[in-house]
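These notes concern the structure reproduced below.
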Number of protein chains: 2
Amino acid sequence: MKQYTTLKDVAKLAGTTAATVSYVLNDKQDRYISEETRRKVLEAAEKLEYVKSIGASSLKGKSRKLIGILVPQFENQFFTRIVVASEEVFVKHGYDLIICNTWDNPEREKAILNRLIQQRVDGIILTPTRNGTENTKLLRKVGMNMVVVDRPLPGVKDYFWVATNNYGCGYIGTQYLISKGHTHIGYIGWNSDIQDLQARRRAVMEAVDSNSIPIENLHIVEGGFSADEGYRLTQKLLTEHPDISVIFYGFNVQALGGVKYLHDQNIQIPKDLSVLIIGSPEWIMAGNNCFTHLDMNDLELGKKAANLLLDQIQKGEEIPFQHIIQDCSLVEGTSVRDNF
Amino acid sequence: MKQYTTLKDVAKLAGTTAATVSYVLNDKQDRYISEETRRKVLEAAEKLEYVKSIGASSLKGKSRKLIGILVPQFENQFFTRIVVASEEVFVKHGYDLIICNTWDNPEREKAILNRLIQQRVDGIILTPTRNGTENTKLLRKVGMNMVVVDRPLPGVKDYFWVATNNYGCGYIGTQYLISKGHTHIGYIGWNSDIQDLQARRRAVMEAVDSNSIPIENLHIVEGGFSADEGYRLTQKLLTEHPDISVIFYGFNVQALGGVKYLHDQNIQIPKDLSVLIIGSPEWIMAGNNCFTHLDMNDLELGKKAANLLLDQIQKGEEIPFQHIIQDCSLVEGTSVRDNF
DNA sequence: AAATGATATGCAAACGTTTGCTTATTCATA
DNA sequence: TATGAATAAGCAAACGTTTGCATATCATTT
């Protein structure tokens with residue numbers, strides 16, 4: 001069986017005790033250590049290839065140096081980037097990151113959160129499932145540090161939240177389309193029961209309305225969160241409403257399938273149809289178009305969440321709850337043409 | 001400060017001892033527990049919201065239920081998928097996954113491996129940096145379970161390895177291009193010092209050679225591992241050798257930048273130039289082309305690696321070292337045209 | 001010569017589990 | 001009525017650290 005070198009092993013070889021070894025290796029200043037002893041300890045530790053057990057030391061109240069992060073689907077580049085950016089921050093501060101894919105399944109989320117408590121992680125970053133509020137109750141009870149990212153925690157007042165201005169995304173995008181002369185607009189979205197994401201659709205509707213464009217000119221179809229669904233929804237939208245001059249994709253995963261449909265139908269972008277996308281998957285620069293899109297600055301989101309969590313961990317309960325809402329920015333590509 | 005409920009707390013409320021509580025909660029069969037006691041313990045645990053500390057229990061020889069995974073760049077979809085697939089397997093078996101981005105930096109890799117030993121993970125999956133052989137020495141010394149994925153560990157004989165048949169990728173791809181009538185071929189690759197990845201280039205050269213195509217007709221340029229480099233290399237290749245009818249991209253990250261260059265130059269695929277790619281980033285289906293590519297079955301790779309590691313963990317030292325080399329398969333899109 | 005302070009290190013308890021050993025009660029069998 | 005299973009549960013050690021407390025040797029100072 002696997003056997004790790006312990007403090008006692010090192011102490012025996014160095015001719016001293018575990019306590020002294022601990023002091024030396026942790027480089028504590030509050031105890032006198034002779035140069036001779038220090039040398040012998042370091043040599044022994046080196047020779048025996050001692051590696052401390054964080055698990056054991058955390059029993060004595062030390063930090064476990066572990067963070068958990070839960071995302072619904074981390075092959076979605078939006079979340080991949082959030083994870084990458086936060087990992088970067090955490091590693092820099094000596095924390096390891098446990099990553100968990102919830103697949104937006106509340107039971108799975110619940111099980112994962114329980115396991116993370118078992119691991120006694122120092123904090124958790126999560127994008128909650130639709131049952132997140134219920135599932136995170138235990139976290140609050142045990143006083144777990146937590147930062148919610150992207151989606152909110154409905155019904156909860158005091159918590160840390162880092163997110164995109166979803167309403168803003170929808171509004172800015174629609175306003176832009178209208179400014180380019182588009183008056184017949186299709187919007188494709190996700191029929192999720194997550195309130196905050198519905199803000200995108202709401203913003204589109206309100207932007208259309210506030211520009212005195214008849215609401216009948218706006219056609220909204222919504223469906224599942226996948227490329228295949230994007231394909232299907234695009235087909236449906238164009239079949240039912242061939243008069244639209246632009247499709248506004250609220251979710252990049254669906255947009256990928258949609259763009260595939262347009263290609264299959266030999267519909268040229270932007271000659272035959274303009275396309276606007278919320279999000280910045282890497283493929284927006286591939287193909288024959290650099291797509292016009294709304295960038296959510298995913299990396300910054302991850303970084304902010306990580307720093308906020310570290311703040312909590314380091315300063316304890318003293319810091320006030322915050323909601324950090326990041327605006328998105330419109331990046332012009334070549335996929336939206338003037339339509340006057 | 002954060003305080004978790006302990007076995008003792010539960011025992012006190014249930015009017016028994018920590019030992020009994022431990023037996024009840026772990027549902028051990030080797031000890032008689034009265035129904036009365038069991039009920040009281042479960043009730044107390046419920047009321048106090050007890051969550052066991054894996055850290056403490058691992059001190060007594062139990063598994064930490066933690067796995068570490070190191071990849072050079074997990075926003076690269078190839079690695080994202082490996083992580084996703086293995087996470088799926090591990091979660092199913094009750095393990096959590098610590099994810100680490102090495103950025104292909106050997107020092108970082110070394111530091112991360114050390115931290116993972118500190119965490120006493122049960123096993124490690126890694127794609128080694130160029131210094132992997134040296135860095136993993138400590139792992140072998142402490143008897144850490146390990147599966148190497150994608151790249152080999154040069155100079156090491158006995159280890160578990162799951163990888164793509166890189167030579168096969170290059171060979172099959174080139175053979176396909178030649179079969180479609182291409183005789184002037186450009187290959188763009190990564191100038192890495194990782195031997196196994198050079199096999200792709202070598203295969204291309206040998207396939208060209210074995211088809212009696214003059215080697216002067218093959219133009220190879222190599223550079224850094226990024227989309228920007230792909231852009232630059234494509235430009236360089238086409239400027240210096242405008243006679244090629246196809247570009248074979250050995251790495252999908254570079255291909256993304258390359259395709260962007262082709263678009264910027266208004267070079268039509270496949271009318272003006274054919275394109276073949278190793279790997280399956282999601283964008284191969286976007287744009288005006290579904291790209292012809294060599295699929296490495298990334299998910300399967302991750303799954304195999306995870307299962308292999310679990311095998312080691314569960315069966316101890318008994319299982320023999322294995323090298324699992326997966327073939328890739330050619331997936332025809334529309335980006336390579338006949339060139340007779 | 002005794003007291004002080006600086007230097008150096010050992011001892012042992014504690015963290016939260018798990019588990020081998022022990023003890024105690026009950027109940028059926030010889 | 002002993003005897004020994006079967007049932008039930010407590011005690012305490014151990015895992016690998018950290019750290020408060022105690023001890024011991026010096027070199028100074030009074």
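This is a predicted model, so every value here is computed, not measured. Throughout, a chain's letter reflects where its sequence line sits, starting with A, and its residues are numbered from 1.
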Pick out the pairs of N or O atoms, protein on one side and nucleotides 4-10 of chain D on the other, that lie under 3.5 Å.
unit_1 : atom_1 : unit_2  : atom_2 : d
D:dT7  : OP2    : B:Tyr32 : OH     : 2.8
D:dA9  : OP1    : B:Ser34 : OG     : 3.1
D:dA9  : OP1    : B:Thr37 : OG1    : 2.3
D:dA9  : OP2    : B:Ser34 : N      : 2.9
D:dA9  : OP2    : B:Ser34 : OG     : 3.3
D:dA9  : OP2    : B:Thr37 : OG1    : 3.1
D:dA9  : N7     : B:Arg31 : NH1    : 3.3
D:dG10 : OP1    : B:Thr16 : OG1    : 3.4
D:dG10 : OP2    : B:Thr16 : OG1    : 2.5
D:dG10 : OP2    : B:Thr17 : N      : 3.2
D:dG10 : OP2    : B:Thr17 : OG1    : 3.0
D:dG10 : OP2    : B:Thr20 : OG1    : 3.0
D:dG10 : N7     : B:Arg31 : NH1    : 3.4
D:dG10 : O6     : B:Arg31 : NH2    : 2.1

With B:Phe160 via ring pair (Phe, Tyr, Trp, His ring centres under 6.0 Å) - residues at least two apart: B:Phe321
Sugar-phosphate, base or nothing in reach of A:Asp30, heavy atoms under 4.0 Å: nothing
Residue-phosphate contact under 4.0 Å: B:Ser22 side-chain N/O, C:dT18 OP1/OP2: yes
Donor on one side chain, acceptor on other, B:Asp150 and B:Thr127, under 3.5 Å: no
Close N or O pairs between protein and nucleotides 14-16 of chain C (under 3.5 Å):
unit_1 : atom_1 : unit_2  : atom_2 : d
C:dA14 : N3     : A:Lys60 : NZ     : 2.9
C:dG16 : N2     : B:Ala56 : O      : 3.4

Gap between atoms CZ and P, on A:Arg39 and C:dT9 respectively (whole Å): 12 Å
Residues forming a side chain to side chain contact (heavy atoms under 4.5 Å, CB included) with A:Arg38, sequence neighbours excluded: A:Val24, A:Asp27, A:Ile33, A:Glu35, A:Leu42
A:Gln77 and A:Asp298: CA distance, side-chain angles, deciding distance, side-chain hydrogen bond (donor to acceptor under 3.5 Å, both in side chains) verdict: CA-CA 9 Å; A:Gln77 288 179 49; A:Asp298 319 343; over 6 Å; no
B:Lys65 NZ/CZ over B:Tyr95 ring centroid, <6.0 Å and within 45° of normal: yes
Sidechain N-carboxylate O distance under 4.0 Å for B:Arg130, B:Asp193: yes
Residue list, ring pair (Phe, Tyr, Trp, His ring centres under 6.0 Å) with B:His323, at least two apart or on another chain: B:Tyr159, B:Trp161
Whole-Å gap separating C1' (C:dT17) and CD (A:Gln119): 14 Å
Listed partners of A:Lys8 passing salt bridge (Lys or Arg N to Asp or Glu O under 4.0 Å), at least two apart: none
